[in-house]
Amino acid sequence: MPEPEQSCLILPTKALGASRQWLLDQPCPVIAYGDACPYADVVVATQAEANQLGHRVEQFPMAALALVQVLRLTESLTDLEALDLESMAYATLQGGAEFQRWQSSLVIDSPEGVHAGPPISLERSSGELLAQLNRPEMRNSMTVEMRDAWMEMLDVLEHDTSIARLTLSGTGSCFSVGGELSEFGSRPDTARAHWVRTLQSPPRKLVVLGSKVVVHVHGACIGSGIELPAFASRVSAHPRTFFQLPELTMGLIPGAGGTVSVTRRIGRQRTAWLVLSGRRINARSP
């Protein structure tokens, strides 16, 4: 099996092609430095910053390529079409060497004990549904149980037309640290996992219902902990909140709708930078 000839292109913006089609034709991420330009996957200020991103891409070339290809195409797709594309790319990467290498190196303690109360607590207040993620001892990670609770909560919002708004927050030290690592890759059939996501998943529900959702976040918002809130009509953050999309180091791309929700909010290039850099972004400016 041939390896890619190069993992990325690093160019000054003045040396880029001058069309979207030029970018679509590139078989690797295009990292540019200099002035703003739409015909790159990421644009940073200096060559040194571009080289740093390039080094990250070299470590995870397959995930980086899948990411930028998904983001390039997402711009011309509907939200639901884009979610299908994200899911297919995510399923493909789960069968790849980069994810398997990360998974084989993972050493974690499985969650223990019986948790008190439902994973998401719900309270009705007139025409508003108040909800809280309720697994503080697990930092509200996205377990299968939590995902099912998201679906139940959104089903209530969908079918009870007397609810005008869903207001969601999280208990404990943070809103959510994202996917529960002990459950990553627990479905051996990645094609079937993709099929399940296309039938029913929180991102697909939020595409339809997000206009009725308000989310208050705090502390860590990692992976799905920001990907899902980004579908809401309004997101407010405590000043000490931080956001991070760390999936690249797992050999993956965001898989909870982030290539759609985050991109629609901040744009393709900034989303690509968040994933390729893995940097934490603080809610409060320095």
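Heavy atoms only: backbone and side chains are in, while hydrogens, waters and symmetry mates are out. Only a predicted model underlies this, so the values are computations on that prediction, with no experimental measurement involved.
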Taking distance alone, no hydrogens or angles, what donor-acceptor pairs closer than 3.5 Å link side-chain atoms of residues 251-260 to residues at least two apart or in another chain?
residue: Thr259; atom: OG1; partner: Glu86; partner atom: OE1; Å: 2.6

Show the atom names and distances, to 0.1 Å, of all donor-acceptor pairs under 3.5 Å that link a side chain in residues 208-223 to residues at least two apart or in another chain.
residue: Lys212; atom: NZ; partner: Ile163; partner atom: O; Å: 3.0
residue: His216; atom: ND1; partner: Ser236; partner atom: OG; Å: 2.4
residue: His218; atom: NE2; partner: Gly172; partner atom: O; Å: 2.8
residue: His218; atom: NE2; partner: Cys174; partner atom: N; Å: 3.3

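Side-chain contact check for Met151 versus Pro202: some heavy-atom pair is nearer than 4.5 Å. Side-chain contact between Leu245 and Glu247: present, with at least one pair of heavy atoms (C-beta onward) separated by less than 4.5 Å. Using a 4.5 Å cut-off on side-chain heavy atoms (C-beta onward), Gln52 and His55 make no contact. Using a 4.5 Å heavy-atom threshold, the side chains of Phe175 and Leu168 count as touching. Between Leu9 and Gln26, some side-chain heavy-atom pair lies under the 4.5 Å cut-off. The side-chain heavy atoms of Arg135 and Ser141, taken from C-beta on, include no pair separated by under 4.5 Å. In this structure, the side chains of Val144 and Glu180 stay at 4.5 Å or more apart for every pair of heavy atoms. Counting only heavy atoms from C-beta outward, the side chains of Ile31 and Val57 approach each other to under 4.5 Å.
With sequence neighbours left out, the side chain to side chain donor-acceptor pair (under 3.5 Å) criterion links Asp160 to Arg124, Ser162. Under the side chain to side chain contact (heavy atoms under 4.5 Å, CB included) criterion, Gln21 pairs with Ser19, Leu24, Asp25, not counting sequence neighbours. Applying the side chain to side chain donor-acceptor pair (under 3.5 Å) criterion to Ser224, with sequence neighbours excluded, gives no partner residue. By the side chain to side chain donor-acceptor pair (under 3.5 Å) test, Glu152 is found to be paired with no residue, residues two or more places apart in sequence or in another chain being considered. Shown here are the side chain to side chain contact (heavy atoms under 4.5 Å, CB included) partners of Leu122, two or more places apart in sequence or in another chain: Ile120, Leu129, Ala131, Met153. Residues passing the side chain to side chain contact (heavy atoms under 4.5 Å, CB included) test with Glu49, sequence neighbours excluded: Val44, Ala45, Thr46. By the salt bridge (charged side-chain N to carboxylate O under 4.0 Å, His left out) test, Arg197 is found to be paired with no residue, residues two or more places apart in sequence or in another chain being considered. Taking the side chain to side chain donor-acceptor pair (under 3.5 Å) definition, one finds that Arg265 meets it with nothing, sequence neighbours left out. Among residues two or more places apart in sequence or in another chain, the side chain to side chain contact (heavy atoms under 4.5 Å, CB included) test is passed with Gln269 by Ala40, Val43.
Screening residues 61-80 for side-chain hydrogen bond (donor to acceptor under 3.5 Å, both in side chains), with sequence neighbours left out, gives Asp41-Arg72, Glu75-Arg268, Thr78-Glu81, Asp79-Arg264.
Note that the CD atom of Glu123 and the OG1 atom of Thr167 stand 11.0 Å from one another [nearest 0.5 Å]. Here the straight-line distance linking atom CZ of Phe243 with atom CZ of Arg279 works out to 15.0 Å at 0.5 Å rounding.
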Next item on the list: Mind running side chain to side chain contact (heavy atoms under 4.5 Å, CB included) on Arg56 and Thr249 for me, showing each step along the way?
Entry: CA-CA 9 Å; Arg56 293 262 301 177; Thr249 58; 3.6 Å; yes
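Across Phe99 and Gln94, no two heavy atoms sit closer than the pair CD2-O, 3.3 Å. Taking both residues in full, the closest heavy atoms of Arg165 and Glu128 are given as NH2-OE2, 3.1 Å, listed atom of the first, atom of the second, then distance. Pro229 and Val235 make their closest contact through O-CG2, 3.2 Å (heavy atoms, listed as atom of the first residue, atom of the second, distance). Across all their heavy atoms, Leu93 and Ala66 have their closest contact at CD1-CB, 3.8 Å. Closest approach of Thr171 and Asn134 over heavy atoms only: OG1-CA, 3.6 Å. The minimum heavy-atom distance linking Gln244 with Ile226 is given by the pair O-CG2, 4.4 Å.
Both Ile281 and Val42 are members of a single hydrophobic cluster when ILVMFWY side chains are connected at heavy-atom separations under 4.5 Å. At a threshold of 4.5 Å between side-chain heavy atoms, the hydrophobic network of Ile, Leu, Val, Met, Phe, Trp and Tyr places Leu248 and Tyr90 in one connected group.
Using a cut-off of 4.0 Å between Lys/Arg side-chain N and Asp/Glu carboxylate O, Lys14 and Asp35 are scored as not salt-bridged.
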